[in-house]
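Report on the structure given below.
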Amino acid sequence: MSSAKDVGVNVSRETLERLEHYLALLNKWNPKINLVSPNTLAEAWARHFVDSAQIFNLAPENTTSWVDLGTGGGFPGMVVAILGKELNPDLEVSMVESDVRKCAFLRTVARETGINATVYNKRIEAVDPLNADVVSARALAALPLLLELSTRHIKNGGKLLFPKGMRWKSEVEEARKSWTFALENHTSVTDPNAVILEIGEITHVGFDAS
């Protein structure tokens, strides 16, 4: 494994080494747990680490609490926590994951990289509201369901950050049938056909019965 890869964020060598240790653990654990799709492992740095780091970059400057839903192998939540240790020491990161084996992996990464992060081994609906500044979720669900799951955990004035693929416009159109929200889309640095949706001012309006 090469040393001190570029993650797309200006960080110290120590932070890059934490991320590389995380990558080594991912390669070690993935054959048994399937934390990420096996065919993405060879390109895991770009596909998962750089892809997650760009989400960290979109958080408001005053962010002190971040919740990542359906974290899986830790993307973007664990990457956010590792970057935050250097770039935002006051940031508290919580990860919600229902699979006990994936939670064991996440806790191992946190322990071995010296990261303080909370891992909830529960279904998203079973976690008490976390009142976060930022809620993220990657490859978890379509946007209408993501809004339903995440609004439980976002504080007033908070932001939702969701990476989405090339069909993101149709998901937004569907979500607007039952939600109003402010939206800004950012082109992904790892895939020109993908975006990160930055969503705020969220209100549930229900379906039009007319």
Side-chain angles (χ1 to χ4, degrees), residues 35-37 40 47-48 50-80 91-99 102 118-210:
L35 298 156
V36 297
S37 175
T40 68
R47 289 285 296 273
H48 302 299
V50 177
D51 196 52
S52 295
Q54 69 175 328
I55 300 170
F56 177 89
N57 272 341
L58 294 175
E61 288 186 11
N62 59 349
T63 298
T64 58
S65 56
W66 187 307
V67 172
D68 189 43
L69 302 178
T71 301
F75 306 106
M78 186 61 71
V79 173
V80 166
L91 181 64
E92 296 182 359
V93 177
S94 299
M95 290 168 270
V96 182
E97 173 53 50
S98 63
D99 187 305
K102 292 177 180 178
T118 302
V119 179
Y120 291 93
N121 182 203
K122 295 182 177 182
R123 292 183 59 82
I124 296 166
E125 304 91 328
V127 179
D128 290 337
L130 294 171
N131 200 37
D133 295 313
V134 171
V135 173
S136 59
R138 181 177 183 256
L140 177 63
L143 186 57
L145 179 55
L146 281 180
L147 292 174
E148 182 178 339
L149 293 171
S150 59
T151 49
R152 173 182 175 82
H153 298 295
I154 195 75
K155 66 170 57 171
N156 286 338
K159 293 283 187 181
L160 308 179
L161 295 174
F162 299 143
K164 284 292 177 182
M166 61 192 311
R167 298 180 180 177
W168 66 270
K169 290 182 180 179
S170 62
E171 289 194 33
V172 168
E173 183 178 349
E174 186 64 26
R176 288 201 187 279
K177 294 178 180 178
S178 50
W179 300 85
T180 62
F181 48 87
L183 172 68
E184 187 172 355
N185 58 282
H186 306 270
T187 302
S188 171
V189 301
T190 58
D191 180 353
N193 294 314
V195 299
I196 293 87
L197 301 181
E198 179 182 347
I199 296 174
E201 303 174 26
I202 310 133
T203 304
H204 187 260
V205 296
F207 289 98
D208 187 354
S210 61

Set out, in order, the CA-CA distance, both residues' side-chain angles and the distance that settles side chain to side chain contact (heavy atoms under 4.5 Å, CB included) for Asp133 and Lys159, then state yes or no.
CA-CA 6 Å; Asp133 295 313; Lys159 293 283 187 181; over 6 Å; no
Minimum heavy-atom separation for [X] to [Y], with atom names?
| X | Y | result |
| --- | --- | --- |
| Lys122 | Ala126 | CD-O, 4.1 Å |
| Trp66 | Phe56 | CH2-CA, 3.8 Å |
| Lys164 | Ala141 | NZ-O, 2.6 Å |
| Asp68 | Pro76 | OD1-CD, 3.2 Å |
| Ser150 | Phe162 | OG-CZ, 3.7 Å |
| Ile55 | Pro163 | CD1-CG, 3.4 Å |

When you measure from the side chain of [X] to the backbone N and O of [Y], does any donor-acceptor pair fall under 3.5 Å?
| X | Y | value |
| --- | --- | --- |
| Glu201 | Ala182 | no |
| Arg152 | Val127 | yes |
| Asn121 | Glu97 | yes |

I need the [X] [atom1] to [Y] [atom2] distance, nearest 0.5 Å.
| X | Y | atom1 | atom2 | value |
| --- | --- | --- | --- | --- |
| Leu145 | Glu171 | CG | CD | 10.5 Å |
| Leu146 | Ser136 | CG | OG | 10.5 Å |
| Lys155 | Thr64 | NZ | OG1 | 5.0 Å |
| Leu149 | Ile154 | CG | CD1 | 13.0 Å |
| Ile124 | Thr71 | CD1 | OG1 | 8.5 Å |
| Leu147 | Ile199 | CG | CD1 | 5.0 Å |

Please determine which of Leu161, Leu143, Leu160, Leu58 meets the side-chain contact (heavy atoms from CB on, under 4.5 Å) test together with Leu197.
Leu143
Parallel under 30°, tilted from 30 to 60°, perpendicular over 60°: which one fits the rings of His204 and Trp179?
perpendicular
If you count heavy atoms of other groups shown closer than 6.0 angstrom to [atom1] of [X], is the number above 12?
| X | atom1 | value |
| --- | --- | --- |
| Arg167 | CZ | no |
| Glu173 | CD | no |
| Asn156 | CG | no |

Before giving the answer on side chain to side chain contact (heavy atoms under 4.5 Å, CB included), spell out for Val96 and His153 the whole-Å C-alpha distance, their side-chain angles and the decisive distance to 0.1 Å.
CA-CA 11 Å; Val96 182; His153 298 295; 5.8 Å; no
Is there side-chain contact between [X] and [Y], with at least one heavy-atom pair below 4.5 Å?
| X | Y | value |
| --- | --- | --- |
| Thr190 | Arg47 | no |
| Val172 | Asn185 | no |
| His48 | Thr40 | yes |
| Asp191 | Met166 | no |

Gln54 side chain to Ser188 side chain, donor-acceptor N/O pair below 3.5 angstrom:
yes
Going through the distances and angles, do Tyr120 and Leu130 end up as a side chain to side chain contact (heavy atoms under 4.5 Å, CB included)?
CA-CA 11 Å; Tyr120 291 93; Leu130 294 171; 3.5 Å; yes
For side chain to side chain contact (heavy atoms under 4.5 Å, CB included), just list the numbers for Leu91 and Val80, CA-CA rounded to whole Å, side-chain angles, deciding distance to a tenth of an Å, and then say yes or no.
CA-CA 9 Å; Leu91 181 64; Val80 166; 3.9 Å; yes
